[in-house]
Amino acid sequence: MSLLLLCWILFYINALTIGGGYAMLPLLQREFVDKHHWLTNQEFLDAIAIGQLSPGPLTVMNAFIGFKLHGLTGSLLAVICSYLPSLIIVTLAVKYYYAYRESEFIAAGFTGIKSAVIGLLAAVAVSLGNTSLVDPGTFAIALCSFACITFTRIDPSFIILGAGLIGAFFF
Amino acid sequence: MKAPDDLSQPPSVARIFLVFLKIGTFAFGGVYSMLSFFERELVEKRRWISHDEYIESIAIGQMTPGAPIVNSGICIGYRLRKLRGALASTAGQIFTGTITAILLAVFYMKIKEHAILRPIMKGIGAAVIGLLLSIIFTMSRKTLKDHKTLLVAVAAFVLLALFKVSPIMIILTAGAAGFILFRNKSR
């Protein structure tokens with residue numbers, strides 16, 4: 001039963017979030033951490049890190065979550081349910097592209113959603129920050145990581161690996 | 001430079017899978033490096049699609065729910081070989097990442113309780129917060145351009161952080177509010 005529920009959650013989240021893989025984090029956190037307690041905040045952070053470290057889109061983190069909850073079956077179903085909505089919606093959008101693009105309605109709605117997603121992500125950052133920023137050292141790492149990713153072209157994966165190394169030696 | 005593919009026939013499903021496998025495997029570093037990889041592989045090197053079609057596919061990827069980069073791939077795959085092309089591009093693009101994520105999951109669960117992992121994950125967790133802040137910063141600069149968009153973002157933050165309103169309700173409400181707030185402005 002909880003396998004079906006996992007599929008449904010990933011399906012609806014992927015069908016409804018505009019604005020990239022990160023836009024899904026608030027919904028994933030609500031469902032997996034707050035509502036069903038399938039993951040702790042720490043494990044959710046680990047899942048984001050692993051999604052970022054794996055090549056390809058961030059959403060492959062769903063394979064990690066699926067595996068953690070239900071093994072190999074869970075991870076494969078998680079992948080299918082994550083990309084099925086895209087397959088359906090994008091093929092429709094290609095067919096009706098011109099109508100889709102010209103729709104003032106859709107563009108206006110998206111502006112609203114994209115703005116809200118920023119606020120939601122900020123709330124997620126606060127809640128995860130409460131878990132992971134516990135001392136001056138972790139604060140410093142977060143600040144450096146922010147600055148490096150925002151203002152240089154260094155790949156975020158390297159920043160994350162570097163932070164892991166710093167952790168291994170200094171924490 | 002290699003000669004572009006013969007264009008009298010669209011590429012086979014297997015070729016689509018392989019090219020997107022290459023894109024999904026070697027394009028580290030998020031959206032921008034992936035986008036330039038797309039352009040190089042599909043437009044310049046292979047000439048499967050024109051530059052305009054590429055731009056259009058990127059736009060559709062941004063306007064549809066899910067991971068934008070996967071969606072742009074679906075779009076291109078669909079143009080080339082309809083539904084089978086769309087499936088091949090999706091499978092190719094996520095293949096390596098999915099395998100990597102599963103392997104990391106196996107490894108993670110094996111040594112999760114091990115003492116060495118804790119300080120490493122502590123460092124990584126802090127870096128992820130920096131990453132999130134960076135995403136928020138970049139998105140804000142692009143999207144929050146006036147009082148109305150800023151208001152929607154702040155309202156969404158307050159509703160989730162303080163009142164624990166369900167994020168999906170917030171997103172749906174923001175979409176509906178967008179119809180009213182941003183209607184005249186768009187386009």
Side-chain angles (χ1 to χ4, degrees), chain A residues 14-18 20-22 26-27 30 45 48-50 54-57 59-60 63-64 67 75 79 83 86 89-91 93-94 104 107-109 111-116 118-123 125 129 132 138 141-142 145-146 149-150 155-157 159-160 163-164 166-168 171, chain B residues 24-25 28-29 60 64-71 74-75 78 86 90 94 96-98 100-102 104-105 119-137 139-140 143 149 152-154 156-157 160-161 167-168 170-171 174-175 177-179 182-183 186-187:
Chain A
N14 279 275
L16 291 174
T17 33
I18 302 276
Y22 284 92
L27 288 95
R30 166 60 58 110
L45 267 168
I48 300 173
I50 281 171
S54 307
T59 40
V60 298
F64 172 82
F67 188 90
S75 63
V79 168
Y83 299 108
S86 287
I89 296 168
V90 175
T91 45
V94 177
E104 214 180 77
T111 307
I113 291 175
K114 282 183 175 167
S115 312
I118 294 171
L120 296 180
L121 260 183
S132 64
T138 42
I141 289 182
S145 138
F146 168 77
I149 295 168
T150 312
D155 190 312
S157 301
I159 312 280
I160 287 174
I166 293 174
F171 289 154
Chain B
T25 307
F28 268 91
I60 291 182
T64 41
I69 202 79
V70 175
N71 293 353
I74 293 175
C75 201
Y78 185 81
T90 312
I94 63 174
T96 312
T98 303
T100 313
I102 292 174
L104 286 172
I120 295 177
M121 291 322 277
K122 192 177 161 192
I124 287 181
V128 168
I129 302 298
L131 171 67
L132 286 179
L133 293 177
S134 171
I135 304 273
I136 294 165
F137 181 77
M139 279 179 152
S140 302
T143 309
T149 44
V152 173
V154 171
F157 175 82
L160 181 58
I168 198 66
I170 300 175
I171 285 180
F179 293 146
F182 306 113
R183 187 92 193 267
S186 52
R187 178 150 304 275

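Computed from a predicted model, the values in this text were never measured in an experiment. Note that these values count all heavy atoms, side chains included, but never hydrogens, waters or copies made by symmetry. Lettering of chains follows the sequences in order, A, B, ..., and the numbering in each one begins at 1.
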Does any backbone or side-chain atom of [X] lie under 4.5 Å from a heavy atom of chain B? Answer side chain, backbone, both or neither.
| X | answer |
| --- | --- |
| A:Ile166 | neither |
| A:Thr59 | side chain |
| A:Val79 | side chain |
| A:Ala15 | backbone |
| A:Ser75 | side chain |
| A:Tyr22 | side chain |

So how far is it from [X] [atom1] to [Y] [atom2], rounded to the nearest 0.5 Å?
| X | Y | atom1 | atom2 | result |
| --- | --- | --- | --- | --- |
| B:Thr143 | A:Ile113 | OG1 | CD1 | 12.0 Å |
| B:Leu132 | A:Leu45 | CG | CG | 8.0 Å |
| B:Thr100 | A:Ile50 | OG1 | CD1 | 11.0 Å |
| B:Ile136 | A:Leu120 | CD1 | CG | 10.0 Å |
| A:Asn14 | B:Asn71 | CG | CG | 9.0 Å |
| A:Thr138 | B:Ile129 | OG1 | CD1 | 9.5 Å |

How far apart are the closest heavy atoms of [X] and [Y], and which atoms are they?
| X | Y | result |
| --- | --- | --- |
| B:Ala105 | A:Phe67 | CB-CD2, 3.6 Å |
| A:Leu121 | B:Met139 | CD1-SD, 3.9 Å |
| A:Pro26 | B:Pro167 | O-CG, 3.7 Å |
| B:Ala174 | A:Ala116 | CB-CB, 3.4 Å |
| B:Thr64 | A:Ile18 | C-CD1, 3.7 Å |

Query raised in the report: Which region of B:Ala177, side chain (C-beta onward) or backbone (N, CA, C, O), has a non-hydrogen atom less than 4.5 Å from a non-hydrogen atom of chain A, or is it both or neither?
Result: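 Looking at B:Ala177, nothing touches chain A.
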
With a 4.5 Å cut-off on side-chain heavy atoms, are [Y] and [X] touching?
| X | Y | value |
| --- | --- | --- |
| A:Leu16 | B:Pro65 | no |
| B:Ile168 | A:Arg30 | no |
| B:Leu131 | A:Ile159 | no |
| A:Val90 | B:Tyr78 | no |
| B:Thr90 | A:Ser86 | no |

Requested in this report: Output every pair passing side-chain hydrogen bond (donor to acceptor under 3.5 Å, both in side chains) with a member in residues 121-134 of chain B, not counting sequence neighbours, ordered by first then second residue.
Outcome: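 Sorted pair list: A:Asp135-B:Lys122, A:Thr150-B:Ser134.
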
Query raised in the report: For B:Ala127, does its backbone N or O pair with a side-chain atom of A:Ser145 as donor and acceptor, under 3.5 Å?
Result: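 Yes.
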
Identify which of [options] forms the greatest number of heavy-atom pairs closer than 4.5 Å to chain A.
| options | value |
| --- | --- |
| B:Ala161, B:Ala101, B:Cys75 | B:Ala101 |
| B:Val152, B:Ile135, B:Leu133 | B:Ile135 |
| B:Val128, B:Val154, B:Ile170 | B:Val128 |

Query - ring-ring contact (aromatic ring centres under 6.0 Å, His included) involving A:Phe146 - partner list, sequence neighbours excluded - result: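 In terms of ring-ring contact (aromatic ring centres under 6.0 Å, His included), with neighbours along the sequence ignored, A:Phe146 is linked to B:Phe137.
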
**Report entry** Among A:Ser132, A:Ala49, A:Gly129, A:Ala63, residue most engaged with chain B (heavy-atom pairs, under 4.5 Å)
**Finding:**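 Counting heavy-atom pairs under 4.5 Å, the top option is A:Ser132.
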
Query raised in the report: With chain B, which of A:Ser115, A:Gly167, A:Ala142 has the greatest number of heavy-atom pairs at distances under 4.5 Å?
Result: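 Max contact count across the listed options: A:Ser115.
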
